[in-house]
Protein chains: 2
Amino acid sequence: MADTAWPGCAKSLKGVVLDMCGVLYDSGEADGVAIPGSIEAVKKLKASDLQLRFCTNETQATREKFVAKLQRLGFDISVSEVFSPAPAAVAVLKERGLRPHLLVYDGVLPEFDSVDKTSPNCVVIGDAAENFSYQNVNEAFRVLIGLEKPVLFSLGQGRYYKETDGLKLDVGVYMKALEYACDLEAEVIGKPSPMFFHSVLSDMALQPHEALMIGDDLVNDVGGAQRCGMKGVQVRTGKYRPSDERHPTVTADGTVDNLAQAVDMILNQRGH
Amino acid sequence: MADTAWPGCAKSLKGVVLDMCGVLYDSGEADGVAIPGSIEAVKKLKASDLQLRFCTNETQATREKFVAKLQRLGFDISVSEVFSPAPAAVAVLKERGLRPHLLVYDGVLPEFDSVDKTSPNCVVIGDAAENFSYQNVNEAFRVLIGLEKPVLFSLGQGRYYKETDGLKLDVGVYMKALEYACDLEAEVIGKPSPMFFHSVLSDMALQPHEALMIGDDLVNDVGGAQRCGMKGVQVRTGKYRPSDERHPTVTADGTVDNLAQAVDMILNQRGH
């Protein structure tokens, strides 16, 4: 059964899903910088017989602007290949006839242009940084507490992330705040939500065991994918920390130095 | 054993502890307004052989300013009779040699004048309203995450409160936010913390069963006092809601219309 373990499982793969920040590029000044070898690795995957999708919890900009940034960095990537929480939220809102009060980055607002936002009957929060003022958080709270059946969606559940000027509180922190204030449980949209991974699999028309997730976040990328029945490989770039390899509950199917190494191992196994 | 139940237990009482907002007065424009009968009720208790203390989670102003407001409303009350979280926090900080980073109302800052705040090794948060900006919460987070052994004190753990312009998020919400961000558990100072009630009992040199708490908050006043072995009576003023009388986990020893009625029942039992 060696073929079921990494990298042997690569033989039976039909699709690969890539996390973006920390796998393709590191964020920072302006557009950030591509991680060495990752542009070429994406090219190789596209030239192979594997399907390829990108899966990110990025909610600071629209997919269009985000993809344009990646293209400027040199990546061969298009909007239709990218899965991010905001469009997933829009689909859920429309399906359930919900009208959101939004507390998100200004840059991601256009994603919600097609959604009716009059007399809100739910709240959607994403990473909002400075928009998480007391007044804005209080306003979101008042909408929720005024609803007979309050519904809170959170685009991801991160604790914090790193920017050039230091650590910054992420959306999960404000999700917990509003959960406590209103005595409710938020619905998370994005990794590690199973629904999010399933939407990517569904787009590729693949079963979970036919797909591999490659990410730098052990819990949200690797653990989330594994809970759906996918394989999960961690790269030692981005937010990877050596302690991840001794994590109490999540064990990656494989750990590799970077995306380039992962792709070479996959394609070698497949005899390319 | 009828004497152990309310109001029979009043015979063996040696001290009474009163919550303030919602029991003595209702907050609102300017100083707020005294609840009918409460000024006279405090007078009667002071004229009796019972000890009397006041116990509040108020953290918007110093005790001096807070007590001055009560005096303007007509209450016979002095600073030494009032227990509030900020002075209790100062005692804890000094005892444990901790230097706080403070995220509180500007009005309560003078309470911490005597505390060393250089190179902080803990964080103290209180209700801070507009001071809970993203930048300020993020700053508190960065102090905590930078400590080898992060310690977070929360002055109370309320979810929200009501002001004339509507509901406002209370300190407990930001406590939960920072707990999640830093993966820690805050130490709550104020009601319903047992330590807080014990400090009041200790000041009166009384055993718990010799003291009665009267408050409008079923969980924080009544439940907190009961968990310490005190009796707890709820008044139907302030934040009282009829559903409190069917609460799943906390049952008051007695429920009365207001403080005046409670005091008359106590003093009648004692044969005044």
Side-chain angles (χ1 to χ4, degrees), chain A residues 60 103-106 123 125-147 150 152 154 156-163 165-186 188 219 239 241 243 247-249, chain B residues 60 103-106 123 125-147 150 152 154 156-186 188 219 241 243 247-249:
Chain A
Q60 295 193 359
L103 178 47
V104 295
Y105 251 99
D106 295 341
V123 167
I125 61 171
D127 174 28
E130 275 68 23
N131 281 352
F132 281 133
S133 65
Y134 181 72
Q135 200 186 337
N136 285 350
V137 180
N138 207 57
E139 200 183 332
F141 157 69
R142 286 182 185 182
V143 170
L144 283 171
I145 206 79
L147 296 171
L152 171 64
S154 185
Q157 59 181 12
R159 294 168 191 264
Y160 55 88
Y161 53 91
K162 197 174 181 172
E163 288 206 336
D165 60 340
L167 297 179
K168 300 193 76 171
L169 290 169
D170 199 358
V171 62
V173 171
Y174 288 87
M175 175 188 86
K176 289 291 173 185
L178 289 171
E179 284 186 340
Y180 179 71
C182 305
D183 197 18
L184 56 75
E185 197 169 337
V188 177
V219 171
K239 66 169 68 170
R241 294 174 305 176
S243 62
H247 194 275
T249 56
Chain B
Q60 295 195 356
L103 178 47
V104 295
Y105 250 100
D106 294 341
V123 167
I125 61 169
D127 174 30
E130 275 68 24
N131 281 351
F132 281 132
S133 64
Y134 181 73
Q135 200 186 338
N136 285 349
V137 179
N138 206 57
E139 200 183 334
F141 158 68
R142 286 182 185 182
V143 170
L144 283 171
I145 206 80
L147 295 171
L152 172 64
S154 185
Q157 58 181 12
R159 292 168 192 263
Y160 55 88
Y161 53 90
K162 197 174 182 172
E163 288 205 338
T164 41
D165 60 340
L167 296 179
K168 299 193 76 171
L169 289 169
D170 200 357
V171 62
V173 171
Y174 288 88
M175 175 188 87
K176 289 291 173 185
L178 289 171
E179 284 187 339
Y180 179 71
C182 304
D183 197 17
L184 55 75
E185 197 170 335
V188 177
V219 171
R241 293 175 306 176
S243 61
H247 193 276
T249 57

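None of the values given here were measured: they were computed from a predicted structure. Letters A, B, ... mirror the listed sequences (proteins, then strands); counts begin at 1.
- For chain A, the nearby parts of B:Gln157 are the backbone and the side chain; heavy atoms of each come within less than 4.5 Å.
- B:Asn138 places a side-chain N or O within 3.5 Å of a backbone atom of A:Leu167 that can act as its donor or acceptor partner.
- Ring geometry, B:Tyr134 versus A:Phe132: the interplanar angle falls from 30° to 60°, so the pair is classed tilted.
- A:His247 is listed as a side-chain neighbour of A:Val219, based on a closest heavy-atom distance under 4.5 Å.
- When heavy atoms are compared at a cutoff of 4.5 Å, A:Ala129 approaches chain B by way of both its backbone and its side chain.
- Heavy atoms of B:Asp183 lying under 4.5 Å from chain A belong to its backbone as well as its side chain.
- Each of B:Arg142, B:Met175, B:Gln135 has some count of heavy-atom pairs under 4.5 Å with chain A, and the biggest count is that of B:Arg142.
- Both the backbone and the side chain of A:Glu130 come within less than 4.5 Å of a heavy atom of chain B.
- Put simply, CZ on B:Phe141 and CG on A:Leu169 are 5.0 Å apart, with the number rounded to the nearest 0.5 Å.
- Counting only heavy atoms from C-beta outward, the side chains of B:Asn131 and B:Val104 never approach each other to under 4.5 Å.
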